[in-house]
Amino acid sequence: MPKKMVKKNTKEKNKIDEVVKSNKNRSSKFQLVRGTKDILPSRQKYFLWLYDEVKRIASSYSFDKIETPILEHTNLFVRGVGKQTDIVEKEMFSFVDQGGDNLTLRPEGTAAVARAYIEHGMLSWPQPVKLWYWGKMLRHERPQAGRLREFHQYGFEILGSSDAMVDAQIIFITYKILSGLGLNVIIAINSIGTVECRHQYKKVLVDYFRTKRSVLSDVAKKQLTKNPLRILDSKDPGLQSVIEQAPQIFDYLSQESKDHFMKVLDYLDELDVPIIMKPNLVRGLDYYNYTVFEVWNNEEESSKAAALGGGGRYDGLVELLGGRPTPAAGVALGIERIVAKLKQAEIAPPTEDSPDIFVAQLGEEAKRKSLLLFEELRLAGVKVSESLSKEGLKSQLEIANKLKVKYAIILGQKEILDGTVMLRDMENGIQEIVDIKKITNEVKKRLDKRLKIKK
Ligand code: HAM
């Protein structure tokens with residue numbers, strides 16, 4: 001092992017020893033890491049519902065799913081997202097691994113998708129390449145309402161087309177999914193033009209903010225020299241009127257940028273997507289050009305609450321990461337924020353189909369047989385439930401009652417010897433003995449008959 005590595009490994013071991021030592025003799029109670037959350041079954045239902053909806057719309061608009069690793073080389077984000085962005089400056093979970101590589105737990109998905117596009121030669125695939133993803137992201141932010149350190153995003157990226165229709169389609173499907181769930185959303189939109197437009201605009205903006213230095217916060221003063229556009233995004237109440245009166249980027253857009261933006265707006269109008277123009281919207285990631293947008297809950301758009309999602313065009317990113325020039329656009333949505341909005345609006349996921357049959361058992365042999373019967377019923381397409389961990393018949397039938405099943409099949413010791421089961425109608429309590437070999441057919445027949453009567 002090289003000397004340097006031995007030294008490093010010893011250092012890591014010492015750190016672990018320290019943790020071990022500090023934990024000795026302590027009956028420690030473990031808790032979640034700050035800013036992370038368990039997704040318990042009640043919230044899981046919302047996640048699964050949203051996942052199904054995203055997947056359905058993605059496939060009908062011909063997006064293919066991609067998964068990128070949770071770990072990437074730190075430089076991917078430094079280069080892709082931008083050295084002077086909040087994400088890179090202060091929010092990345094980065095570390096040097098045992099092999100000396102600088103790695104980062106991904107804070108966002110777009111740079112990783114662009115890396116994958118280059119690495120797998122997607123340029124030679126039919127263009128544009130349409131991809132969607134769903135996964136965990138990590139940012140070391142100050143946890144508060146709607147802001148976590150580990151959160152989930154789903155996103156859509158279209159790489160390989162500069163057509164304004166691509167920007168519009170990304171916004172359209174974003175709107176379709178959320179409004180389809182019953183949320184009242186609006187798209188705040190702006191154009192930030194090309195690098196050249198922004199270069200010119202930044203100069204004007206810096207001149208303007210210099211005249212307002214006395215009201216600028218320390219943070220804003222720093223941004224003024226590093227990344228003046230970020231001041232426009234400030235939530236500082238004391239700055240809002242200064243921001244409102246600032247020169248607007250639209251006046252510095254090239255003709256091409258303006259034409260592109262007009263086309264996007266035209267398509268969105270045609271598609272009936274509700275939008276609001278936001279001349280100060282610049283977004284916090286460096287890879288954007290032309291269209292930028294955020295997705296807001298309609299009632300909260302003007303407040304300083306958190307956006308549900310954001311995106312835009314990023315024509316320079318693939319080239320910046322070492323690929324061929326590839327125009328692209330995309331969006332990512334915060335899943336926790338969407339779920340919170342659904343709950344707040346009292347929109348619940350559709351209830352799952354309840355089971356029709358419950359299999360109850362008494363005794364070891366019956367338990368074994370009931371496993372096989374359960375599988376036989378499931379394969380025959382019957383919606384079936386069980387509670388194999390419960391012993392008493394009474395407690396099992398109580399569960400069957402709660403589940404509102406139509407029939408319970410009871411396997412007792414006597415029935416097992418006879419090769420029969422007891423079929424209990426849960427509505428009237430009538431019980432019949434049925435040959436175990438015929439039970440699946442019998443149950444299917446009865447359920448079909450009920451369905452016909454209902455129709
Ligand atoms: P972003 O605006 O940084 O954009 O994040 C998109 C969404 O992720 C946010 O609007 C929010 O809903 C959610 N989000 C971000 N940070 C947190 C957090 N700490 N806690 C909870 N939710 C959060 C991007 O990530 C870009 N990659 C979007 C994109 C895709 N642009 C082009 N393609």
Side-chain angles (χ1 to χ4, degrees), residues 82 85-86 110 146-147 155 164 166-175 178-179 183-195 197-198 200-202 204-205 208-209 212 220 223 227-254 257-314 329-334 337-338 341:
T85 57
D86 281 355
T110 311
R147 191 171 299 164
V166 162
D167 314 31
Q169 190 179 70
I170 289 279
I171 295 172
F172 178 64
I173 54 177
T174 301
Y175 173 70
L178 297 177
S179 58
L183 289 175
N184 179 9
V185 291
I186 190 159
I187 309 294
I189 193 167
N190 192 22
S191 172
I192 55 167
T194 60
V195 177
C197 308
R198 277 199 305 286
Q200 214 195 335
Y201 175 60
K202 271 182 200 168
V204 182
L205 203 60
Y208 167 78
F209 280 125
K212 312 283 173 193
Q223 285 170 328
N227 198 351
L229 290 184
R230 299 291 299 143
I231 305 178
L232 297 174
D233 231 15
S234 165
K235 309 262 185 292
D236 185 345
L239 273 181
Q240 295 313 305
S241 69
V242 179
I243 291 172
E244 264 161 42
Q245 286 159 33
Q248 297 191 345
I249 195 160
F250 193 79
D251 298 324
Y252 299 87
L253 293 186
S254 62
S257 308
K258 277 185 188 163
D259 291 347
H260 184 91
F261 194 35
M262 288 308 150
K263 272 194 201 157
V264 176
L265 295 179
D266 227 30
Y267 290 138
L268 291 176
D269 188 41
E270 192 102 346
L271 293 165
D272 245 349
V273 177
I275 59 162
I276 178 165
M277 304 284 274
K278 275 273 148 135
N280 289 335
L281 180 68
V282 286
R283 306 267 303 131
L285 302 96
D286 277 358
Y287 47 61
Y288 294 115
N289 66 292
Y290 284 5
T291 321
V292 288
F293 64 92
E294 281 179 352
V295 188
W296 287 86
N297 183 267
N298 205 350
E299 294 95 43
E300 288 176 346
E301 185 280 320
S302 52
S303 74
K304 287 288 160 198
L308 297 177
R313 182 159 275 288
Y314 52 94
V331 65
L333 284 295
R337 290 190 189 172
I338 294 172
K341 281 288 154 279

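It should be emphasised that the depicted structure is a prediction, and the values quoted were computed from it without experimental measurement. Along the sequence shown, the residues carry numbers beginning at 1.
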Item to check | salt_bridge(Asp266, Lys263) N-O dist < 4.0 Å | outcome: no
Item to check | Shortest non-hydrogen contact from Val292 toward Val282 | outcome: CG1-O, 4.4 Å
Item to check | Shortest non-hydrogen contact between Ile189 and Phe261, atoms and distance | outcome: CG1-CE1, 3.9 Å
Checklist entry - Do Arg283 and Glu294 sit within salt-bridge range, that is, some charged N less than 4.0 Å from a carboxylate O? => result yes
Next on the checklist: For Ile231 versus Ala220, what's the shortest heavy-atom pair and its separation?
Outcome noted: CD1-O, 3.5 Å
Checklist outcome for this item: When every non-hydrogen atom of Arg337 is compared with those of Leu308, the smallest separation belongs to O-CD2, 3.7 Å
Item to check | Test side-chain contact (heavy atoms from CB on, under 4.5 Å) applied to Tyr175 and Leu271, step by step | outcome: CA-CA 10 Å; Tyr175 173 70; Leu271 293 165; over 6 Å; no
Item to check | From CD (Gln223) to CG (Leu232), nearest 0.5 Å | outcome: 9.5 Å
Item to check | Donor-acceptor pair between Thr110 and Tyr287 side chains, under 3.5 angstrom | outcome: yes
Item to check | Carboxylate-amine/guanidinium proximity below 4.0 Å for Arg230 and Asp86 | outcome: yes
Next on the checklist: Tell me the closest heavy-atom pair linking Tyr290 and Ser257, and the distance in Å.
Outcome noted: CE1-OG, 3.4 Å
Checklist entry - Under 3.5 Å, is there a donor-acceptor pair linking the side chains of Asn280 and Gln248? => result no
Checklist outcome for this item: Here the gap from Phe293 atom CZ to Tyr288 atom OH, rounded to the nearest 0.5 Å, amounts to 7.5 Å
Next on the checklist: Among Ile187, Asn184, Leu183, which residue satisfies the side chain to side chain contact (heavy atoms under 4.5 Å, CB included) criterion with Leu178?
Outcome noted: Leu183
Item to check | Closest non-hydrogen atom pair, Ile243 against Ser234 | outcome: CD1-CB, 4.1 Å
Checklist entry - Is there a side-chain contact (heavy atoms from CB on, under 4.5 Å) between Leu229 and Leu205 once you walk through the steps? => result CA-CA 8 Å; Leu229 290 184; Leu205 203 60; 3.8 Å; yes
